[in-house]
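Notes follow once the structure below has been shown.
What you see is a predicted model; the values in this text were computed from it and never measured. Below, each value reflects all heavy atoms present in this structure, side chains not excepted, and no hydrogens, waters or symmetry copies. Lettering follows sequence order; numbering is per chain, from 1.
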2 protein chains.
Amino acid sequence: MEFYNKTGKMALGSRLRRLSELITEQAGKVYGYYDIDMQPKWFPVFYVLSAGEEKSITQIAQEIGHSHPSVSTIVKEMMKRGLVQESPGKTDGRKNYIKLSAQGLAINDRIRDQYTDVNAAIENALNETQYNIWKAIEEWEFLLEQKDLLKRVQDERKLRERKEVEVVAYHPKYQTAFKQLNEDWISQYFKMEAADYKSLDHPKEYILDKGGHILIALYKGEPVGTCALIKMDDDTFELAKMAVGAGAKGKGIGWILGTAAIEMAKQHDAKKLYLESNTILKPAINLYHKLGFKKVTGEPSPYERCNIQMELNL
Amino acid sequence: MEFYNKTGKMALGSRLRRLSELITEQAGKVYGYYDIDMQPKWFPVFYVLSAGEEKSITQIAQEIGHSHPSVSTIVKEMMKRGLVQESPGKTDGRKNYIKLSAQGLAINDRIRDQYTDVNAAIENALNETQYNIWKAIEEWEFLLEQKDLLKRVQDERKLRERKEVEVVAYHPKYQTAFKQLNEDWISQYFKMEAADYKSLDHPKEYILDKGGHILIALYKGEPVGTCALIKMDDDTFELAKMAVGAGAKGKGIGWILGTAAIEMAKQHDAKKLYLESNTILKPAINLYHKLGFKKVTGEPSPYERCNIQMELNL
DNA sequence: TAAATTTGCGTAATTGATTACGTAATTAAT
DNA sequence: ATTAATTACGTAATCAATTACGCAAATTTA
């Protein structure tokens with residue numbers, strides 16, 4: 001199908017189904033050619049019974065990887081054709097044991113040749129191909145068991161979005177965003193304090209002019225995250241005003257801002273980073289940990305909401 | 001599934017289906033993750049409409065390779081969700097033209113990211129594998145178009161059965177079979193003649209002792225075909241009594257016997273093979289042609305049923 | 001221009017599988 | 001010993017696709 005060359009890999013599932021339907025249909029004709037009165041869908045059930053032992057419905061279902069109702073109906077159909085016999089379990093009355101009938105066993109003898117020929121035909125076809133589909137299926141079964149498609153897509157999305165995130169230096173045009181992003185989370189959990197208004201309304205005077213820095217994270221050009229380095233002394237910056245917009249969570253923007261801030265502190269020959277936060281902000285504390293910050297006990301903070309202090313030696 | 005390692009390639013169809021179902025199911029979750037209200041099965045239809053042009057039901061069905069009722073119901077479902085609009089054809093009132101609605105177009109914008117991510121995820125998975133399943137499917141689609149599974153299996157069967165055919169020299173224990181096999185076809189088309197009874201009842205006296213040879217084809221140990229070389233002169237044998245049992249047709253036994261006879265004639269330094277037959281025996285004449293015999297006009301034959309004579313120069 | 005054929009598409013029935021649910025038999029727990 | 005939980009498996013409902021069929025519009029043919 002030419003169509004699938006345009007859709008891209010998105011349609012892998014559909015394409016697989018089409019092929020499987022094609023093959024199953026042709027396999028049906030093969031039974032006719034060998035004059036064997038059996039449907040392709042019976043094959044797995046027939047196969048597990050071909051050893052001769054009797055097996056219960058669920059046991060068969062498990063072995064062939066179908067649901068038990070599916071096996072139940074297949075067995076009913078095979079009964080009608082006289083291929084199998086059923087008998088209730090002697091010790092466990094719920095169980096329904098199935099085995100091949102005399103007729104089923106006779107077909108089993110005749111079907112051997114078909115097995116060999118079909119196997120050989122497919123094996124030969126596989127040899128004509130460059131990419132072995134049998135092994136390819138096996139690989140995919142394994143692959144998806146390791147990590148399912150959703151997880152893979154999620155990872156891919158994060159990767160892509162991370163690439164679309166850009167960290168830039170502060171510019172007055174970001175002042176509104178700088179204030180808004182911080183005000184959002186502060187007023188959600190706490191209350192805006194005087195010190196907040198000072199630095200958020202006048203970042204130039206209170207942060208930059210005092211030797212500090214402000215970083216803005218842009219996602220598709222829009223400011224979605226902020227963080228500031230406030231100069232404490234020649235060797236130390238305070239990491240503060242770390243905020244990520246609600247709509248931009250889960251893109252790893254916190255991590256990107258954090259590492260960018262650390263990088264910048266190093267460039268300005270700082271020896272230490274310090275921060276104040278609150279333990280109810282679990283994702284934030286988590287991020288600080290991942291960035292390498294350790295808990296310290298130190299000076300009391302000007303902010304009421306602070307109940308934890310952390311440091312990172314550069 | 002461990003099961004499929006035991007069944008052999010016979011279960012290729014089932015195995016493909018299982019994988020396709022697994023992938024489709026996981027793909028469904030992906031739509032949820034991107035918060036897009038669409039079902040995986042809508043994807044092909046959505047995709048062909050995403051260019052913006054309106055298309056009729058059958059046109060869509062053709063492009064995506066589904067049946068038109070399938071497209072019809074999918075469109076109905078998409079209508080309910082407000083993703084598409086329909087309008088009857090202006091020139092042709094039977095046609096039902098479908099196009100994306102404003103809402104559909106909006107989703108089309110949002111879905112782009114999902115395309116890229118899913119594509120990338122699958123592409124990466126493909127890179128983790130040794131056997132590229134995407135290309136493997138493509139190869140199989142091509143392979144089955146060239147020669148379908150049934151034909152492949154048929155060829156395989158012939159090959160196998162040919163291997164089970166053995167050509168042996170005459171032995172008195174084959175006399176009954178030698179007579180029976182020939183009598184069967186002769187009396188089916190013609191009438192047994194005096195000359196027939198002579199050579200079939202007493203092959204030793206009438207064929208072997210006069211410097212001729214008889215070959216018997218065995219299938220699984222049972223005689224199923226015969227042919228004789230009757231000495232005409234030092235340079236010539238007559239190829240006669242060529243017979244293949246009705247139950248053993250289609251296994252290429254005629255060809256095997258014919259080539260064996262030619263081989264034997266060469267070994268006995270014959271220069272020419274001669275035969276008599278009747279044009280109503282089309283498969284036989286065909287076989288003689290394939291073996292290299294050419295029509296000649298010659299002596300009248302002792303057999304009434306003969307209306308064609310052929311020769312092969314060795 | 002009327003009749004026959006083809007085309008477009010909707011509805012119904014079928015297929016092969018699934019989940020959901022109910023019932024009876026077993027097994028475990030109190 | 002009674003109650004609760006689990007297991008076996010059948011029936012019913014559902015799903016995604018298909019074929020079968022029918023009707024009406026359009027096109028071709030005579």
Side-chain angles (χ1 to χ4, degrees), chain A residues 1 3 11 13-28 31 38-46 54-80 84 86-98, chain B residues 1 11 13-29 31 38-46 54-80 84 86-98:
Chain A
M1 268 297 289
F3 175 63
S14 316
R15 199 174 189 183
L16 273 169
R17 161 151 40 210
R18 293 184 58 73
L19 182 59
S20 94
E21 270 163 14
L22 190 62
I23 291 177
T24 313
E25 188 209 319
Q26 301 193 353
Y31 284 99
M38 198 160 82
Q39 291 179 38
K41 66 165 173 161
W42 297 351
F43 170 73
V45 173
F46 190 88
E54 62 177 18
K55 300 195 167 173
S56 75
I57 297 286
T58 14
Q59 197 180 345
I60 297 171
Q62 271 217 330
E63 284 188 39
I64 71 176
H66 279 204
S67 66
H68 80 80
S70 166
V71 174
S72 187
T73 43
I74 288 173
V75 163
K76 218 193 294 169
E77 288 170 26
M78 291 173 80
M79 282 282 290
K80 231 186 248 172
V84 294
E86 56 182 6
S87 55
K90 279 159 207 153
T91 55
D92 185 340
R94 297 167 305 174
K95 288 192 178 172
N96 184 1
Y97 283 101
I98 315 296
Chain B
M1 269 296 289
S14 315
R15 199 175 191 181
L16 272 169
R17 161 148 43 205
R18 291 185 59 72
L19 182 59
S20 92
E21 271 164 12
L22 190 62
I23 291 179
T24 313
E25 187 209 320
Q26 301 193 355
K29 288 190 204 146
Y31 284 97
M38 198 160 81
Q39 292 178 39
K41 65 164 173 162
W42 298 350
F43 169 74
V45 173
F46 189 88
E54 63 178 16
K55 300 193 168 175
S56 75
I57 297 284
T58 14
Q59 196 180 348
I60 297 171
Q62 271 217 330
E63 283 188 40
I64 71 177
H66 279 205
S67 66
H68 79 82
S70 167
V71 174
S72 185
T73 44
I74 288 174
V75 163
K76 218 193 295 171
E77 287 170 28
M78 291 174 81
M79 281 282 291
K80 231 185 247 171
V84 294
E86 54 182 7
S87 56
K90 280 158 208 152
T91 55
D92 186 340
R94 297 166 306 173
K95 289 193 178 173
N96 184 2
Y97 282 103
I98 314 298

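Within the structure, a side-chain polar atom (N or O) of B:Ser72 is placed less than 4.0 Å from OP1 or OP2 of C:dG10. Close to C:dT11, at under 4.0 Å from its OP1 or OP2, lies a side-chain N or O of B:Lys76.
Atom CD in B:Glu86 sits about 11 Å away from atom C1' in C:dC9, given to the nearest Å. As a whole-Å value, the separation of A:Glu25 CD from D:dA17 C1' is 14 Å. In this structure, B:Met79 atom CE and C:dG10 atom P are separated by 10 Å, rounded to whole Å.
With sequence neighbours excluded, the residues forming a side-chain contact (heavy atoms from CB on, under 4.5 Å) with A:Glu54 are A:Ser87, A:Tyr97, A:Lys99, listed by chain and number. Residues passing the side-chain contact (heavy atoms from CB on, under 4.5 Å) test with B:Pro69 are B:Ser67, sequence neighbours excluded. For B:Lys55, the side-chain hydrogen bond (donor to acceptor under 3.5 Å, both in side chains) criterion is met by B:Glu63, not counting sequence neighbours.
If you check every strand for non-hydrogen atoms under 4.0 Å, B:Thr24 touches nothing.
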Please encode protein proximity along nucleotides 12-23 of chain C as a string of B, S and -, counting only heavy-atom distances under 4.0 Å.
----SSBBB---
Walk me through it: do A:Glu77 and A:Trp42 pass the test side-chain contact (heavy atoms from CB on, under 4.5 Å)?
CA-CA 9 Å; A:Glu77 288 170 26; A:Trp42 297 351; 3.0 Å; yes
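Residues from residues 87-95 of chain A placing a heavy atom under 4.0 Å of any atom in DNA chain C, listed by number, are A:Thr91, A:Asp92, A:Gly93, A:Arg94.
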Would you mind writing out the side-chain donor-acceptor pairs for residues 20-28 of chain A within the sub-3.5 Å range, not counting sequence neighbours?
{"from": "A:Ser20", "atom 1": "OG", "to": "A:Arg17", "atom 2": "O", "distance (Å)": "3.1"}
{"from": "A:Thr24", "atom 1": "OG1", "to": "A:Ser20", "atom 2": "O", "distance (Å)": "2.6"}
{"from": "A:Gln26", "atom 1": "OE1", "to": "B:Leu149", "atom 2": "N", "distance (Å)": "2.7"}

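With hydrogens and angles ignored, the 3.5 Å screen pairs no side-chain donor or acceptor of A:Arg18 with any backbone N or O of B:His66.
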